[in-house]
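Every chain is numbered from 1 and lettered A, B, ... according to where its sequence line falls, protein lines coming before strand lines.
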Number of protein chains: 2
Amino acid sequence: MADPKRARIQDVAEQAGVSMMTVSRVLNQDKKVSDKTREKVMAVVEQLNYRPNVSARRLASTKSFFLGLLYDNPSDSYISQFLLAALKKCRALGYHLVVDEAHTDIDKTIESVKQLIDVTQVDGMILLPPMCDNEQVLDVLTKAQVPFVRITPDTKLNRSPYICMDDYQAAFDVTEHLINQGHSKIAHIIGDTKQGVSRLRYQGYLDALRSNKIITPPEYIEQGSFTYQSGMKAAIKLLSLDDKPTAIFAANDDMAAAVISIAQKQGINIPSELSVVGFDDTQLATIVWPNISTVKQPINEMAELAITLLASGQYNDLSNVKSLDLRHILDFELIERESSSTNKNN
Amino acid sequence: MADPKRARIQDVAEQAGVSMMTVSRVLNQDKKVSDKTREKVMAVVEQLNYRPNVSARRLASTKSFFLGLLYDNPSDSYISQFLLAALKKCRALGYHLVVDEAHTDIDKTIESVKQLIDVTQVDGMILLPPMCDNEQVLDVLTKAQVPFVRITPDTKLNRSPYICMDDYQAAFDVTEHLINQGHSKIAHIIGDTKQGVSRLRYQGYLDALRSNKIITPPEYIEQGSFTYQSGMKAAIKLLSLDDKPTAIFAANDDMAAAVISIAQKQGINIPSELSVVGFDDTQLATIVWPNISTVKQPINEMAELAITLLASGQYNDLSNVKSLDLRHILDFELIERESSSTNKNN
DNA sequence: AAATTTGTTGTTAGCGCTAACATTTTCAGT
DNA sequence: ACTGAAAATGTTAGCGCTAACAACAAATTT
């Protein structure tokens, strides 16, 4: 409990019988250290529970040990979760995270990114959607030679390492899950056309139907825009059809929640008369009743991986990196909750 | 665009014709500088757009320029908003924010706080509810003499500066707002009894009715627990009464959303047949339809003030601070949306 | 006017770490 | 064994700032 006086690099050096510089090299993954020395030093590091002083490090080195995060929509719980995971990982790796919100005015955003580069001198940037597809932002970072990682980008995939999940496969799986539960009248509410994931999810839905030889009428496809209200409109149309679907796959949770609300208003029981599945596993999915079956994005893993990639410096020079090595696909997870169940209408 | 080489304290000193130490003193609010010198230095600081190097500062001084934030519920959009505002303010003041999540296991949380004190050596801590009322956490911080600010605490108000809003007054106002819209049959769904705000909001509701000489039957009061489901239960009871209320004030947005859902299920139009108001202005309030009229907590201002107070160091010694000076009450805001309107039932 | 106090500014050293260079060790090739 | 290069380790200086003390000027007292 008493103050155990945090160990310094000198303490480690003395204890290990080497110079401070050697310890520094070990800690910075410098190749020019013999395995024997490395092990010896690491042992002492463990023993003294030595953690480098970030400030001293930053002051002395050319690296800033700052990473930047550019996000867009502050009210989304997605941001919150991503941010917390990123902060945690940064701390573990001795980095600091500087968080910046994109302006509606793109010029201001660019200015802000330039500040991060010039003043804060970030070692790398993380771009969240939809900023990750903004050409201007990409250009500024590329020109300044600041490495960056993009999260679920939609376009220009060769311009940086990026992290995503397989939206197509998830949509395929979730649709097939409904099929396996005995549903064949499965409708889909498409997401915002401006976002690439909408297309992927739609395609996954279509292919799952096709591969199970299920034919659905065109009225079962509604265009939404990821908002609750667009979900309501779509639900009203779908539930007024003569031949109602027994399951609805909405491209996100907000729209799924809207479907549930409309169905309940019409006295349609969920899930016995209608199964509803969403996408994203946002907070909303567990707030409404019944809870929404959905697809969970691996947000925490995405955040951790993004920080790890930037901290490793492995993408500081992209010229020798193959296109395929830029892509990092993480696993999603199907989450079954109360809004979906086996079809009891047959 | 070219690299404008960030100014150092030496540059400022030379330009102002004083020593580096004098500049340092000006920047650290040291009293022992003449007004004339201070102005001269500040002018040069402005001119060169000088910002102290946080790392150098931290390395040289006894302060760590780290502030800690202990939160509890990661899925709440409240956290996200608070966090972003806090991060922003920290950056502006040259501090770093270290964020830590409370464990369900309180011993682990304590351990984590001790780490923040011993290893990170935070200059101060912010405690979010409900951790701000945890006796053990308060004790550890007090013993270590780490100043801390609490956000909307419920108890032990004399133990630290704290920031809150006037829940009682907000509940009073929102109830009176309904009354002014012509409602007299106003029901209330009480929040979780374990949280002090529930009591305050309930009392505000009661007093608003009383001061307007409105008498409501006891069936108009339902006990909830801040969850959507508890709101559903309460709503079902309230809407099955023979003499239905024309307005329902739920102690938070989740329960208000549940009321809306149940009402719609029963074919009750909102707001023409039933007005619903919530509390908190969470994301949910604008997701569901109709959007929920609610009370907005000044989360951003709370976060900024918390950081400012800790950075100022004015509470580093509490022995001479009067109880009253510990309290910082911020203004709330009534937000009218589509879920409430003038009573048309009369 | 000298002595003392008070207020203001300057000097020196060093926080913990790493860049750049200097030195020593290792080990292949002759 | 002897050379020369490569690999491993050590030495020096300094990143930008502030604590602690030193020095000086102004205000006050004797």
So what does A:F65 hit on the nucleic acid, given a heavy-atom distance under 4.0 Å: a base, only sugar-phosphate, or nothing?
nothing
Among C:dT9, D:dT11, D:dA8, the nucleotide that comes nearest once only the side chain of B:V33 is considered
C:dT9
State whether the side chain of B:D133 and the backbone N or O of B:D154 hold a donor-acceptor pair below 3.5 Å, judged by distance alone.
yes
Separation of D:dG16 atom C1' from B:N53 atom CG, nearest Å, is 6 Å
Here the distance between atom P of D:dC17 and atom CZ of A:R58, to the nearest Å, is 13 Å
OP1, OP2 of C:dT18 versus side-chain N and O of A:N28: anything below 4.0 Å?
yes
From CE of A:M21 across to C1' of C:dT23 the rounded distance in Å is 14 Å
Please evaluate the base of C:dG10 for a donor-acceptor partner in the side chain of B:R25 within a cut-off of under 3.5 Å?
yes
Sorted by position of nearest nucleotide on DNA chain C, 5' first, the leading residue of B:T22 and A:I9 is B:T22
Output yes when B:D139 and B:R159 qualify as a salt bridge under the 4.0 Å nitrogen-oxygen rule, no when they do not.
yes
From CD of B:Q10 over to P of D:dG14, roughly how many Å is that when rounded to an integer?
12 Å
Donor-acceptor check, side chain of B:N28 to backbone of B:R25, threshold 3.5 angstrom: yes or no?
no
Value in whole Å for how far the P atom of C:dT8 lies from CG of B:D35
8 Å
Whole angstroms only, please: what is the CG-P distance between A:L27 and C:dA19?
13 Å
Is the backbone N or O of A:K63 less than 3.5 Å from a side-chain atom of A:D123, with the two atoms forming a donor-acceptor pair by type?
no
Nearest-nucleotide check on DNA chain D, A:S61 vs A:V18; residue mapping nearer the 5' end is A:V18
For B:Y162, which of B:R150, B:K156, B:R327 qualifies under side-chain hydrogen bond (donor to acceptor under 3.5 Å, both in side chains)?
B:R327
Look at all strands and tell whether B:S55 reaches a base, only sugar-phosphate, or nothing, counting heavy atoms closer than 4.0 Å.
nothing
May I ask you to verify if any side-chain N or O of A:S34 is less than 4.0 angstrom from the OP1 or OP2 atom of D:dA7?
no
Please give, in whole Å, the distance from D:dC17 C1' to B:Y50 OH?
7 Å
By nearest atom, which of the nucleotides C:dT8, C:dG10, C:dT18 is closest to the B:T37 side chain?
C:dT8
Nearest whole Å is fine: how far is C:dG16 P from A:K63 NZ?
21 Å
Nearest to side-chain heavy atoms of A:L59, which nucleotide of C:dT11, D:dG16, C:dC17
D:dG16
Nearest listed nucleotide, side chain of B:R8, among C:dC17, D:dT18, D:dG16:
D:dG16
